[in-house]
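Here is the structure we will look at.
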Amino acid sequence: MSRTSAPADSTPVEPAPVDAPLSHGLKQRHLSMIALGGVIGAGLFVGSGQAIAAAGPSIILAYAISGALVMLVMRMLGEMSAANPASGSFSVHSERAIGPWAGFTAGWSFWFLLCVAVGLEGMGAAQIMVSWFPGTPEWAWVALFMTLFCATNLAAVKNFGEFEFWFAALKVGAIVLFLGIGVLAIAGVLPGTDAPGATNLTGHGGFMPNGTEGLIVGLLASVFAYGGLETVTIAAAESEHPVQGVAKAVRTAMWRIAIFYVGSMAVVVTLLPWTHESVAEKGPYVATLDFLGIPAAGQIMNVVVLIALLSAMNANIYGASRMACSLVARGMGPKLLGQVSGGVPRIAVLASSVFGFVCVLLSYWRPDDLFAWLLNMIGAIILVVWFFIAVSQLLLRRRLEREAPEKLVVKMWLYPYLTWVALAGMAAVFVLMARDAGTREQLYYTGGLTLFLAVVGFVRQKLVAVRSA
């Protein structure tokens, strides 16, 4: 479809960019559980250990700060998605607010991120399986998981919903059980434990033992642990009641983040000295359960992490295929990827799965150059996506208030002030990444990919404008 960008004050809310013709097979219970479980990823169970080792007890503050930023982003995305549900989510909103080049850049960068993440999650799940079945090849487990979730996503969307419903239910159950055990131990009522008080929070170097530098490392790690929450707004477009579904999911984001992330970090560093070597080696959850004498804690958490990884694979194949299909429906990609059969973009599902498997093969064939290059390119993409979300909301809210106020089912708090606060927070994270040697290279690679896509999108936009003139 031909279209050119228009000035922000003159562009109407309707007609909206064309979106993919998908089915509406997700039930409200699917969407609710996807929203609930989507916040619990393998990054929380495993990656938080290194963050605790760097930040100490101040990891609570790091997760609270980054969690506040994520809540603002989700509120902004929820406002736009409730007003105009679309499987292209923020890509559609960016196109409507900023121009086709922005929708192109945000959409394809996110597709790339999800496809690489599918491969990484498959490798993580395969490593757990190999630890249970020594001698089996990792690639075979990856192929099995990829085939399983590719087949799941090739079928009706309700199959994806059912898988995610039960995966999310298991993850939520595990984290709630952990928090329950932790609170009992902190209170000193768990058999064989004494209430630790504030000993571990203020001892061993204090609340911020490594100063602001340690807090910054923890903050950067926690920001990227929240990636994946955006999938619920993509899934909402295929639910029975898109507007109500996304509104409910976004409104519950605050307590989910506070309880699951900030709450669990508080439990870990209250019960266990942050200097305990097993926190970084085994992961904070396994280390805490071992410390409390819970039998088979390591294997229990391995099962939970495996479920989290498989859930992420399933969700990312789904999200990547829907984003690709939406982009093609708007004339921003090869038409082949946009073919929809039975309400499912099957070619896009296959392409996203194959790309993920290629990433796995690169980890074996070219681990030091091509695979490392891929990992660096996706390092800060989620921040780029958040930036597009914030700018889009800043522009679209003004238009909605003027032309279609009845669509504002979900409203961003204290608009536009908190939107600007969120943008300032993102800018601060970019600056912190540039200062840190461990993340600087990722920032540069991600910047290069974003610039390339933006140039391609802008050139494409100009060509479309010339042809339609």
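Values in this document were obtained by computation on a predicted structure and should not be read as measured data.
- By the salt bridge (charged side-chain N to carboxylate O under 4.0 Å, His left out) test, Glu441 pairs with no residue at all, sequence neighbours left out.
- Using modelled atom types, one finds no donor on one side chain facing an acceptor on the other under 3.5 Å when comparing Ser321 with Arg346.
- The backbone N or O of Lys462 lies less than 3.5 Å from no partner atom in the side chain of Trp101, so there is not a single donor-acceptor pair.
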Compile the donor-acceptor pairs under 3.5 Å between side chains in residues 70-78 and protein atoms, sequence neighbours left out, one pair per line.
unit_1	atom_1	unit_2	atom_2	d
Arg75	NE	Lys411	O	2.8
Arg75	NH2	Lys411	O	3.1

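- Formation of a donor-acceptor pair under 3.5 Å by the Arg399 side chain with backbone atoms of Ala97 is found in this model.
- Counting only distance, with no hydrogens or angles, the side chain of Ser326 and the backbone of Met323 share no donor-acceptor pair below 3.5 Å.
- Residues meeting the side-chain hydrogen bond (donor to acceptor under 3.5 Å, both in side chains) test with Gln442, sequence neighbours left out: none.
- Note that CG of Leu120 is 5.5 Å distant from CG of Leu375, once rounded to the nearest 0.5 Å.
- A donor atom on one side chain and an acceptor atom on the other are not found under 3.5 Å apart for Gln127 and Trp141.
- For the pair Val118 and Met146, the minimum side-chain heavy-atom distance is below 4.5 Å.
- For the residue pair Ala380 and Thr446, the shortest heavy atom distance occurs at N-OG1, 3.0 Å.
- Here the closest heavy-atom approach between residue Ala315 and residue Phe160 is recorded as CA-CE1, 3.7 Å.
- Phe145 pairs by the ring-ring contact (aromatic ring centres under 6.0 Å, His included) definition with nothing, not counting sequence neighbours.
- In plain terms, the two heavy atoms of Ser311 and Lys171 that are nearest each other are OG-NZ, 3.2 Å.
- Across all their heavy atoms, Leu154 and Val344 have their closest contact at O-CG1, 3.8 Å.
- Side-chain N or O atoms of Ser264 include one that pairs as donor or acceptor with a backbone N or O of Tyr261 at under 3.5 Å.
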Should Val456 and Phe104 be marked as a side chain to side chain contact (heavy atoms under 4.5 Å, CB included) after you check the CA-CA gap, both sets of side-chain angles, and the distance that decides it? CA-CA 9 Å; Val456 172; Phe104 180 94; 3.7 Å; yes
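- A search for side-chain hydrogen bond (donor to acceptor under 3.5 Å, both in side chains) contacts involving Trp365 returns nothing, not counting sequence neighbours.
- Scanning all heavy atoms of the two residues, the minimum distance from Ala125 to Leu306 falls at CB-CD1, 3.7 Å.
- The aromatic rings of Trp111 and Phe355 lie tilted to each other, with the angle between the two planes from 30° to 60°.
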Can you list the steps and then say if Asn84 with Met80 is a side chain to side chain contact (heavy atoms under 4.5 Å, CB included)? CA-CA 6 Å; Asn84 292 285; Met80 295 184 290; over 6 Å; no
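- For the pair Leu374 and Phe112, the minimum side-chain heavy-atom distance is below 4.5 Å.
- With Glu121 contributing its side chain and Leu309 its backbone, the two residues share no donor-acceptor pair below 3.5 Å.
- Side chain of Asn314 to main chain of Leu310: no donor-acceptor pair is present (N/O by atom type, distance under 3.5 Å, no hydrogens or angles).
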Given side chain to side chain contact (heavy atoms under 4.5 Å, CB included), test Glu230 with Ile234 step by step and report yes or no. CA-CA 7 Å; Glu230 306 79 11; Ile234 295 175; 5.6 Å; no
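- Of the possible donor and acceptor atoms, none in the side chain of Thr419 sits under 3.5 Å from a partner among the backbone N and O of Tyr415.
- Looking only at distances, no side-chain donor or acceptor of Asp436 sits under 3.5 Å from a matching main-chain atom of Leu432.
- With sequence neighbours excluded, no residue forms a side-chain hydrogen bond (donor to acceptor under 3.5 Å, both in side chains) with Arg440.
- Among all heavy-atom pairs drawn from Trp108 and Gly333, the shortest one is CZ2-CA, 3.9 Å.
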Phe110 vs Phe90, ring pair (Phe, Tyr, Trp, His ring centres under 6.0 Å): CA-CA, chis, key distance, verdict: CA-CA 10 Å; Phe110 192 67; Phe90 50 82; 4.8 Å; yes
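- Less than 6.0 angstrom separates the ring centroid of Tyr285 from the ring centroid of Phe178.
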Stepwise, does the side chain to side chain contact (heavy atoms under 4.5 Å, CB included) test hold for Ser91 with Leu327? CA-CA 8 Å; Ser91 173; Leu327 286 161; 3.6 Å; yes
